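Keep in mind that the numbers below use all heavy atoms, side chains included, and drop hydrogens, waters and symmetry copies. None of the values given here were measured: they were computed from a predicted structure.
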Amino acid sequence: MGKNKLRKFAEMETLPMVFQYPWGVLREHGFDLRGKWNKEFFGNDNPVTVELGCGKGEYTVGLARRFPDRNFIGIDIKGARMHSGATAAAAEGLKNVAFVRTSIELLDSFFAPGEVDSIWITFPDPQMKKVTKRLTGTRFIELYRRVLSPEGTIHLKTDSPFLYDYTLMMARHNGLEITDADDDIDASGARAADPVLAIYTHYERQWLDRGLHIRHLAFVPGTAPALAEPPEAEDIPRDTYRSYSRGYIQMPELMKDAEAASEA
């Protein structure tokens, strides 16, 4: 591990709004704030918003700045990335922000039923091959239901046409209430009109530099019945590009060649 990462981890150990609970630590000690975030950490009764896969924490901190009457918690397994948001929140003295370093799969170990008012999922890997790893797949939505309030909302902000179309199809297939479906928040004027959508992340700026559209979908997962995967999702066209870390693929046939090579 590089010295820079070690420094960041050491600095985060000193920040009171950072909780580092990988599975081994959680199994041994549990999490004392589950069901008590507002009473024992934030000291208020304000609604709680959770950002999953928060990365550098731009959305978590950006939301906290704009909405001091709400509480915001960023979750990511990679602590070196959330260091940026955590140190910014500490420097600004934001009292309505927290960060948890853990796996998203452990979400209900950190929040009691109904404790979360809304969930933001910002620019996740679309996981086009594996629906069980897709953060808007039914496996994860069922997990989110365990911690959301009955009227709690899930927000997806993504550059991926595939993930947007899949999530919209999944919500419709299960009869979920869709409160917003915008496949280009810049062209529609939604970004200019909504201070929440106006927040940029590091990756979002990269996608915009490529000329890609930014999409926003919001829906209420409710509590029942059990969710089912839409069978027609297999027919959704796959994205024809990759993130910078995996190389940029412009043509569908090249993408197929790359996928074939990775499976060989």
Side-chain angles (χ1 to χ4, degrees), residues 16-21 23 25-27 29-54 57 59-64 66-77 82 89 94-122 124 132 134-157 167 170-181 196 216-229:
M17 78 284 292
V18 175
F19 302 87
Q20 303 194 69
Y21 276 77
W23 168 238
V25 176
L26 182 64
R27 180 177 57 186
H29 300 288
F31 190 69
D32 293 340
L33 288 178
R34 183 178 186 269
K36 306 173 185 177
W37 276 101
N38 277 352
K39 181 180 179 181
E40 297 191 6
F41 181 78
F42 293 114
N44 57 50
D45 294 323
N46 296 336
V48 173
T49 293
V50 171
E51 183 190 4
L52 301 178
C54 67
Y59 237 80
T60 298
V61 174
L63 288 168
R66 288 163 171 78
F67 302 98
D69 57 345
R70 298 182 67 93
N71 301 320
F72 299 93
I73 303 171
I75 294 180
D76 204 298
I77 194 62
M82 71 169 60
L94 297 175
K95 303 299 184 182
N96 60 333
V97 180
F99 288 92
V100 180
R101 184 171 73 88
T102 194
S103 170
I104 292 172
E105 284 88 344
L106 301 176
L107 188 67
D108 58 346
S109 296
F110 292 87
F111 301 96
E115 190 169 17
V116 177
D117 179 72
S118 60
I119 289 174
W120 274 86
I121 308 170
T122 52
T132 57
R134 204 172 296 156
L135 291 187
T136 59
T138 56
R139 169 177 172 256
F140 277 97
I141 301 299
E142 293 285 14
L143 171 62
Y144 309 154
R145 279 176 158 184
R146 296 178 207 162
V147 303
L148 278 170
S149 62
E151 299 301 320
T153 301
I154 295 173
H155 296 263
L156 170 68
K157 197 178 185 188
T167 309
M170 182 280 300
R172 287 173 172 166
H173 180 74
N174 288 284
L176 306 183
E177 179 188 355
I178 299 168
T179 57
D180 187 45
V196 175
H216 174 248
L217 180 65
F219 60 95
V220 179
T223 57
L227 301 174
E229 288 292 332

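- Taking the side chain as every heavy atom from C-beta outward, T138 and M170 approach each other to under 4.5 Å.
- At a threshold of 4.5 Å between non-hydrogen side-chain atoms, the residues R139 and E229 do not count as touching.
- Shown here for A226 and N174, the closest heavy-atom pair between the two residues is O-OD1, 4.3 Å.
- Put simply, the residue from F99, F111, F19 that forms a side chain to side chain contact (heavy atoms under 4.5 Å, CB included) with I73 is F111.
- Checked options L94, V61, V50, T60; the residue passing with F72 is T60 (criterion: side chain to side chain contact (heavy atoms under 4.5 Å, CB included)).
- To the nearest 0.5 Å, atoms CG (D180) and CG (L156) are separated by 11.0 Å.
- Listed here is the closest heavy atom pair of F140 and I104: CE2-CG2, 3.9 Å.
- By the 4.5 Å heavy-atom criterion applied to side chains, T167 and I154 are not counted as neighbours.
- Across every non-hydrogen atom of G53 and D76, the tightest pair is C-OD2, 3.3 Å.
- At a threshold of 4.5 Å between non-hydrogen side-chain atoms, the residues R145 and L227 count as touching.
- Residues Y144 and L135 are in side-chain contact: their nearest non-hydrogen atoms beyond the backbone lie under 4.5 Å apart.
- Residues E40 and L33 meet the side-chain proximity criterion, which asks for heavy atoms closer than 4.5 Å.
- The two residues P16 and F41 make their nearest non-hydrogen contact at O-CE1, 3.6 Å.
- When the options N44, N46, T49 are evaluated for a side-chain hydrogen bond (donor to acceptor under 3.5 Å, both in side chains) with R70, the one that passes is T49.
- The heavy-atom pair separating L148 from P221 by the smallest distance is CD1-CG, 3.6 Å.
- Here the CD1 atom belonging to I77 is positioned 8.0 Å from the CE atom belonging to M82, to the nearest 0.5 angstrom.
- The nearest pair of heavy atoms linking A112 to E115 is N-OE1, 2.8 Å.
- Between Y21 and F110, the angle of the ring planes goes over 60°, which puts this pair in the perpendicular group of the 30/60° scheme.
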